[in-house]
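What's counted below: heavy atoms across the whole structure, side chains too, no hydrogens, waters or symmetry copies. Quick note: residue numbers are just sequence positions, from 1.
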Amino acid sequence: QVQLVESGGGSVQAGGSMGLSCRASGSIDAIDAITCMGWFRQGPGKGREGVATICRDNTDYADSVKGRFTISRDNAKNSLYLQMNSLRLDDSAMYYCAATFVASHMQPLDYRYYNLWGQGTQVTVDS
């Protein structure tokens, strides 16, 4: 009913910046029912981790990205964004956009609460 498509990503030097976008398409009713959207990442040999999430006007960030990454959402465009500054080598990963309809008793940065996922976009930070 809802598809998520990421854009952005690529390679950047350490210390640089990069922006990611995610657009939701499909059933308008389903899109309106989304409670939280977020960005998650998975590096080589690592588990999937929450990077930043937004639930209505509330944002949550992983400690490792606080002060460097900013998540935002444009409901009129059904889009989610992630601005990444001061990128580090350990930020390299596949980044996924995700969404959930869960309304309460959830941990926003826990990927297990999310059931809609994009295909992912690779971010590589080079020295």
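- In this structure, Arg73 and Ile34 have side chains that are in contact, with non-hydrogen atoms separated by less than 4.5 Å.
- The CG atom of Leu80 sits 10.0 Å away from the CG atom of Asn75 when rounded to the nearest 0.5 Å.
- Between Ala14 and Leu89, the shortest heavy-atom distance links the atoms CB-CD2, 4.4 Å.
- Rounding to the nearest 0.5 Å places CZ of Arg23 at 11.0 Å from CG of Asp74.
- Heavy-atom minimum distance, Cys36 versus Met106: SG-SD, 3.8 Å.
- To the nearest 0.5 Å, atom CD1 of residue Ile71 and atom CD1 of residue Ile54 are 6.0 Å apart.
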Pair up each side-chain donor or acceptor in residues 111-126 with any protein partner under 3.5 Å, not counting sequence neighbours, and list the distances.
from	atom 1	to	atom 2	distance (Å)
Arg112	NE	Asp110	OD1	3.0
Arg112	NE	Asp110	OD2	3.3
Arg112	NH2	Asp110	OD2	2.8
Tyr114	OH	Pro108	O	2.6
Trp117	NE1	Tyr114	O	3.1
Gln119	NE2	Glu6	OE1	3.3
Thr121	OG1	Gly8	O	2.9
Gln122	NE2	Ala93	O	3.3

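- For Ala33, the side chain to side chain contact (heavy atoms under 4.5 Å, CB included) partners two or more places apart in sequence, or in a different chain, are Phe101.
- Atoms CD and CE, from Gln42 and Met94 in turn, are 9.0 Å apart once rounded to the nearest 0.5 Å.
- Of all heavy-atom pairs between Asn85 and Ser17, the closest is OD1-OG, 2.9 Å.
- Shortest non-hydrogen contact noted between Ala30 and Val2 is CB-CG2, 3.4 Å.
- In this structure a side-chain-to-backbone donor-acceptor pair under 3.5 Å is present from Thr35 to Thr100.
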Quiz item: Checking side-chain contact (heavy atoms from CB on, under 4.5 Å) for the pair Tyr61/Leu109: CA distance, chi angles, key distance, verdict?
Solution: CA-CA 8 Å; Tyr61 294 92; Leu109 288 172; 5.9 Å; no
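- Taking each heavy atom of Met37 and Cys22 in turn, the nearest pair found is CE-SG, 4.4 Å.
- Counting only heavy atoms from C-beta outward, the side chains of Leu82 and Arg41 never approach each other to under 4.5 Å.
- Across Leu87 and Arg68, no two heavy atoms sit closer than the pair CA-NH1, 3.9 Å.
- Contact annotation: the side chain of Thr53 approaches that of Phe40 to within less than 4.5 Å [non-hydrogen atoms, C-beta and beyond].
- Atom CZ of Phe69 is separated from atom CG of Leu20 by 8.5 Å, given to the nearest 0.5 angstrom.
- In this structure, Asp91 contributes its side chain and Arg88 its backbone to a donor-acceptor pair below 3.5 Å.
- When side chains are defined from C-beta on, Cys97 counts as touching Trp39, because their heavy atoms get closer than 4.5 Å.
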